[in-house]
Amino acid sequence: MNNLLISEPPLQVLPSLAKKVGLNEAIVLQQFHYWLERSNNTRDGYRWVYNSYSKWNKQFPFWSNATLRRTINNLEKQGFFITANYNKAGFDKTKWYRIDYERVSNASAQNEQTSCSKCASASAQNEQTNTNRLPETTTETNNNTSDNKSDHIQYKQIIDYLNEKAGKHFKNVESNKKLIRARWHEGYRLDDFKKVIDNKVLDANDANSFFTDKYLQPSTLFGNKFDQYLNQQIKPKVEKGTKSYGGVEF
């Protein structure tokens, strides 16, 4: 029975807020406010947070994904959430959220006098009890936070694969990680990096190609031409004087 009592950081909400917007909506609104106060994602003079529904759902494990979607959509329709899309990749449709605090203030104006002291105490209590909450999952958080996520950037695997295929000895240092991180934030993943490496290793082995062995390095492979290299069609090198019939070389 003790497991059902408070022994972990609680989700807190003011009854007066729940009365105005609904209990589920109040819980979500309070949680988004918690992360907005800690967000470094500033656009157009406002702080924003963003996340996939599956990641948000980890912060509300007592709801189904459908319930969470419905609750967030209700807050958006009522004007408490303002949304935008500041994603770097055009295919990334993840919504960015900020709270219309003026809208919240107007909704709770009738309870302003009685709620003021509660807001102050709730804010202080949040600071003490919520430090272990699940972090907001974004693609622009600091490096230490993003590297510890379940879908963390696979720096070592990428560098090791490059060294293996190109016969190099690059280290997993910050200058190389910065390049990988930039492409990862654009939506590319481990298989994409491997394909780029494979493509350019083949290219470097082609005597007719300007791309030589000296270019097989992170600064070239993982730079601004990454997408071009990824989609490059390269035919495997055929040795001169070698003919093949029916899959048999001679």
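This is a predicted model, so every value here is computed, not measured.
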_Aromatic ring proximity, centroids under 6.0 angstrom, Tyr97 and Phe32_ = yes
*Does the pair Arg69 and Asn65 meet the rule for a side chain to side chain contact (heavy atoms under 4.5 Å, CB included), with working shown?*
CA-CA 6 Å; Arg69 283 175 178 269; Asn65 189 274; 2.8 Å; yes
*Where is the tightest heavy-atom contact between Arg189 and Trp184, given as atom of each residue plus distance?*
NH1-O, 2.9 Å
*Could you go step by step and tell me if Ser52 and Lys55 meet the side chain to side chain contact (heavy atoms under 4.5 Å, CB included) rule?*
CA-CA 5 Å; Ser52 65; Lys55 296 298 184 182; 3.0 Å; yes
*Heavy-atom closest contact (Lys58 atom, Pro61 atom, distance)*: O-CD, 3.6 Å
*asked:* Counting C-beta onward and ignoring hydrogens, is there a side-chain heavy-atom pair between Val201 and Asn205 closer than 4.5 Å?
replied: yes
_Whether the Asn87 and Tyr50 side chains hold a donor-acceptor pair (N or O, under 3.5 Å, no angle test) is what I'd like checked._
no
*asked:* Go through it in stages, so that I can follow the logic: the residues are Val21 and Leu17, the test is side chain to side chain contact (heavy atoms under 4.5 Å, CB included), and I'd like the CA-CA distance, side-chain angles, deciding distance and then a yes or no.
replied: CA-CA 6 Å; Val21 302; Leu17 178 61; 4.1 Å; yes
*asked:* Less than 6.0 angstrom from the centroid, inside 45 degrees of the normal: does Arg183 satisfy that with respect to the ring of Phe222?
replied: no
*Check against salt bridge (charged side-chain N to carboxylate O under 4.0 Å, His left out), Arg70 and Glu25*: CA-CA 9 Å; Arg70 183 168 57 251; Glu25 286 76 8; over 6 Å; no
_Aromatic contact between Phe193 and Phe226, with the criterion being ring centroids under 6.0 Å apart: yes or no?_
yes
*Look up atom CZ in Phe211 and atom CG in Asn199, then write down how far apart they are to the nearest 0.5 Å.*
10.0 Å
*Taking atom CD1 of Ile72 and atom CG of Leu29, what is their separation to the nearest 0.5 Å?*
11.0 Å
Run the side-chain donor-acceptor check on residues 164-173: report pairs under 3.5 Å with partners two or more places apart or on a different chain.
| from | atom 1 | to | atom 2 | distance (Å) |
| --- | --- | --- | --- | --- |
| Lys168 | NZ | Asp213 | O | 3.4 |
| Lys168 | NZ | Asp213 | OD2 | 2.8 |

*Using the ring of each side chain (for Trp, its six-membered ring), is Phe60 parallel, tilted or perpendicular to Trp63, with breaks at 30° and 60°?*
parallel
*Of all heavy-atom pairs between Ser64 and Asn57, which one has the smallest distance, and what is that distance?*
C-OD1, 3.9 Å
*Row check, Tyr46 ring normal vs Arg43 NZ/CZ: under 6.0 Å, within 45°*: no
*For the residue pair His33 and Tyr101, does the interplanar ring angle fall in the parallel (under 30°), tilted (30 to 60°) or perpendicular (over 60°) class?*
perpendicular
*Which residues pass the side chain to side chain donor-acceptor pair (under 3.5 Å) test with Asp203, sequence neighbours left out?*
Lys200, Ser209, Gln232
_Between Trp35 and Asn51: side-chain donor-acceptor atoms closer than 3.5 Å_ = no
*Measure the spacing between NE2 of His185 and CG of Asp92 and express it to the nearest 0.5 Å.*
11.5 Å
*Any chance you could lay out the side chain to side chain donor-acceptor pair (under 3.5 Å) test for Tyr86 and Asp44, step after step, and finish with the verdict?*
CA-CA 10 Å; Tyr86 294 103; Asp44 299 329; 2.4 Å; yes
*Check whether any side-chain N or O of Thr71 sits under 3.5 Å from a backbone N or O of Thr67 as a donor-acceptor pair, and report yes or no.*
yes
*How long is the gap from CG on Leu190 to CD1 on Ile153, to the nearest 0.5 Å?*
12.0 Å
_Under 3.5 Å, is there a donor on one side chain and an acceptor on the other for Tyr188 and Asp227?_
yes
*Looking only at non-hydrogen atoms, find the nearest pair between Arg98 and Arg47 and report the distance.*
CB-O, 3.4 Å
*asked:* For Lys214 versus Gln217, what's the shortest heavy-atom pair and its separation?
replied: O-NE2, 2.7 Å
_Just verifying a value: how many Å separate Asp192 CG and Leu230 CG, rounded to the nearest 0.5 Å?_
5.0 Å
*Do you know which two heavy atoms are closest between Arg103 and Gly79, and how far apart they sit?*
CG-O, 3.6 Å
*Give the intermediate values and the outcome of salt bridge (charged side-chain N to carboxylate O under 4.0 Å, His left out) for residues Glu76 and Lys95.*
CA-CA 11 Å; Glu76 186 176 344; Lys95 282 187 178 181; 3.0 Å; yes
*Hey, are the side chains of Ile159 and Ile180 touching, using non-hydrogen atoms and a 4.5 Å cut-off?*
yes
*All side chain to side chain donor-acceptor pair (under 3.5 Å) counterparts of Ser175, not counting sequence neighbours*: none
*Consider only side-chain N and O atoms of Gln31 and Gln59, and report whether a donor and an acceptor are under 3.5 Å apart.*
yes
*Could you state whether Val28 and Phe62 fall into the same hydrophobic cluster, counting links through intermediate Ile, Leu, Val, Met, Phe, Trp or Tyr residues with side-chain heavy atoms under 4.5 angstrom apart?*
yes
*Does the pair Phe80 and Val104 meet the rule for a side chain to side chain contact (heavy atoms under 4.5 Å, CB included), with working shown?*
CA-CA 6 Å; Phe80 294 109; Val104 175; 3.7 Å; yes
*Hey, could you give me the NZ/CG distance between Lys156 and Asn163, rounded to the nearest 0.5 Å?*
9.5 Å
*Would you find more than 12 non-hydrogen atoms of other residues, nucleotides or ligands less than 6.0 Å from Asn231 atom CG?*
yes
